[in-house]
Amino acid sequence: MRYTFALAALAATLAVGLCAQETDEAPAADGQSEQPPAQAAPPLDPKDYVRFEPLAQVITSQGACQVRLADGTIHAAELNRAYPFGTIFLTGPNGNLEVRLADRISFRLAPNSSATVAPAADLPRALRVRLIEGSVETSTPDDLKDLDALGVDCLELSACKMSGRASFEIQSKGAVDAILLVKGVTGRTSIQGPNYTVPLIRAQNHLQVHHALNHSYTRLTSLAGDYAIELQNGTPEPTIFTLTPKAQVKIWRKNAQTTGHIAVTTLAINPSGKTKNNFSFVAEGISPETLTKGELDSNGNFFGAGGSENIRTGETVPAEEEQTENKDSNPAQ
């Protein structure tokens, strides 16, 4: 008898469980659609971002090409070898060197040139090529969407928002000043400098930047093409001036002794030589009496505590103690 009652109780329990399961699996009521299964996120378009490895690979090496490693040792550049960021790449009088940073992203050094590459301090997945001497041409896809993937630092200016190809050449560098030439080859790039921005350099646009190494003076000249330049004026809205061939912008900076800020005077001159804009304002910035730490002198030497070091020989040399004034450093002249 007890066995019969036990079987009956087990059958009742199974019946209740089956009814509950049928209730859970019952179709949704009219007017209520079933929730679709979760969909995986679509893969990112490779053109939306750039994935860098922390290495720079030599893919072309012709003539005398060298690398200076982080420990200061100098070696011949090895074809197809990958070097860590921070390595300085150098070319001799007949040297040509191309370095790959990511898929379809590279830079090429002309003879008698040197450059290094490092991650950008303020942008993830971005790299900065620093031109130390000579000439470099950067190459990124024309259709690159991640315009901050690669940038260039050279003397007082930085290039960003880059796609396609652009070249940067230090045409001359003396004890007190230097001349830099920026050329758009394909695509686009943007130039930023102290107290000015060139939002868009296109193909066949050539910009020459002449500036004092102590940051007291800058002269910008269009050698080819017409493009706008934004000039800081002490207000949220910059002054817009169109650089055309033979037009110039001159910027003087002087240390304001009472506040420690920088007094800036800007003069924009149209191709006929007539003044288009002339204004002054006070801005915060680097004191023009002191070279920025890590700046380079006319011999390619890094300034630092206890002197400087030649990037090609590794020898420590005394830092230059004085800088004579640039001949254009007085805006009254």
Side-chain angles (χ1 to χ4, degrees), residues 48-59 67-70 77 82-91 97-110 113-142 144-170 173 178 180-194 196-201 207 209 211 213 215 285-286 291-296 300 302-304 309 311:
D48 290 341
Y49 69 101
V50 175
R51 185 181 299 278
F52 291 103
E53 299 295 336
L55 297 169
Q57 183 184 22
V58 174
I59 58 175
V67 293
R68 177 174 175 174
L69 305 181
Y83 294 91
F85 291 165
T87 300
I88 299 177
F89 299 91
L90 309 103
T91 57
L97 187 72
E98 186 174 5
V99 178
R100 180 168 58 194
L101 305 175
D103 182 33
R104 299 192 298 164
I105 295 182
S106 63
F107 67 88
R108 180 186 294 272
L109 288 177
S113 302
S114 60
T116 186
V117 60
D122 55 344
L123 292 172
R125 303 193 311 269
L127 293 180
R128 307 291 302 179
V129 174
R130 183 185 182 195
L131 178 63
I132 301 171
E133 59 182 348
S135 176
V136 65
E137 181 175 289
T138 58
S139 178
T140 61
D142 287 331
L144 183 68
K145 293 183 179 180
D146 186 2
L147 296 180
D148 290 319
L150 185 66
V152 176
D153 296 319
C154 182
L155 299 176
E156 72 169 20
L157 64 79
S158 297
C160 57
K161 304 296 182 184
M162 301 177 66
S163 67
R165 292 187 294 133
S167 70
F168 305 82
E169 178 187 359
I170 300 177
K173 190 172 184 181
L180 173 67
L181 180 62
V182 180
K183 292 183 178 180
V185 182
T186 65
R188 55 153 298 157
T189 187
S190 176
I191 301 297
Q192 295 180 344
Y196 66 88
T197 299
V198 181
L200 186 60
I201 296 283
L207 171 67
V209 182
H211 85 106
L213 296 182
H215 306 285
I286 301 171
L291 279 169
T292 307
K293 183 179 180 181
E295 192 63 73
L296 295 162
F302 281 105
F303 278 98
E309 191 176 21
I311 60 173

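Residue numbers start at 1 and run along the sequence shown.
You'll find the side chain of Leu157 reaches within 4.5 Å of the side chain of Leu180, heavy atoms only. At a threshold of 4.5 Å between non-hydrogen side-chain atoms, the residues Ser113 and Val136 do not count as touching. The shortest side-chain heavy-atom distance between Phe85 and Leu127 falls under the 4.5 Å cut-off. Taking 4.5 Å as the limit, some side-chain heavy atom of Leu207 sits within range of a side-chain heavy atom of Val209. Side-chain contact between Val58 and Phe89: present, with at least one pair of heavy atoms (C-beta onward) separated by less than 4.5 Å. When side chains are defined from C-beta on, Leu101 counts as touching Val129, because their heavy atoms get closer than 4.5 Å. Proximity of Phe168 to Thr138: side-chain heavy atoms (C-beta onward) are separated by under 4.5 Å at one or more points.
The backbone N or O of Ala82 sits nowhere less than 3.5 Å from a side-chain atom of Arg100 that would complete a donor-acceptor pair. Between the side chain of Ser190 and the backbone N or O of Val198 there is at least one donor-acceptor pair closer than 3.5 Å. With Arg128 contributing its side chain and Ala159 its backbone, the two residues share a donor-acceptor pair below 3.5 Å. The main-chain N or O of Arg68 is never found under 3.5 Å from a side-chain atom of Thr87 such that the two would form a donor-acceptor pair. With hydrogens and angles ignored, the 3.5 Å screen pairs a side-chain donor or acceptor of Thr140 with a backbone N or O of Gly164. Using a distance-only test at 3.5 Å, with no hydrogens or angles considered, no donor-acceptor pair links the side chain of Thr189 to the main chain of Ile201.
For the atom pair Thr116 OG1 and Arg130 CZ, the distance stands at 8.5 Å (nearest 0.5 Å). The CZ atom of Arg108 sits 11.0 Å away from the OG atom of Ser135 when rounded to the nearest 0.5 Å. Distance CG/Asp148 to CE/Met162: 11.0 Å, rounded to 0.5 Å. Atom CD1 of Ile132 is separated from atom CG of Asp153 by 11.0 Å, given to the nearest 0.5 angstrom. Going from atom CD of Gln57 over to atom OG of Ser106 covers 11.0 Å, rounded to the nearest 0.5 Å.
Smallest separation of non-hydrogen atoms from Phe107 and Ala115: CE1-CB, 4.4 Å. When all heavy atoms of Ser114 and Leu131 are compared, the closest pair comes out as O-CD1, 3.5 Å. The two residues Ile105 and Pro141 come nearest to each other via the heavy atoms CG1-CD, 4.1 Å. For the pair Arg188 and Lys161, the tightest heavy-atom approach, listed with the atom from each and the gap, is NE-O, 3.1 Å. When all heavy atoms of Leu213 and Ala178 are compared, the pair lying nearest together is CD2-CB, 4.1 Å.
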Stepwise side chain to side chain donor-acceptor pair (under 3.5 Å) test for Asp142 and Ser163 = CA-CA 5 Å; Asp142 287 331; Ser163 67; 5.5 Å; no

Intermediate values then yes/no, salt bridge (Lys or Arg N to Asp or Glu O under 4.0 Å), Lys173 and Glu133 | CA-CA 9 Å; Lys173 190 172 184 181; Glu133 59 182 348; over 6 Å; no

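Here the rule is side chain to side chain donor-acceptor pair (under 3.5 Å) with Glu156, and of His215, Gln192, His211 only His211 fits it.
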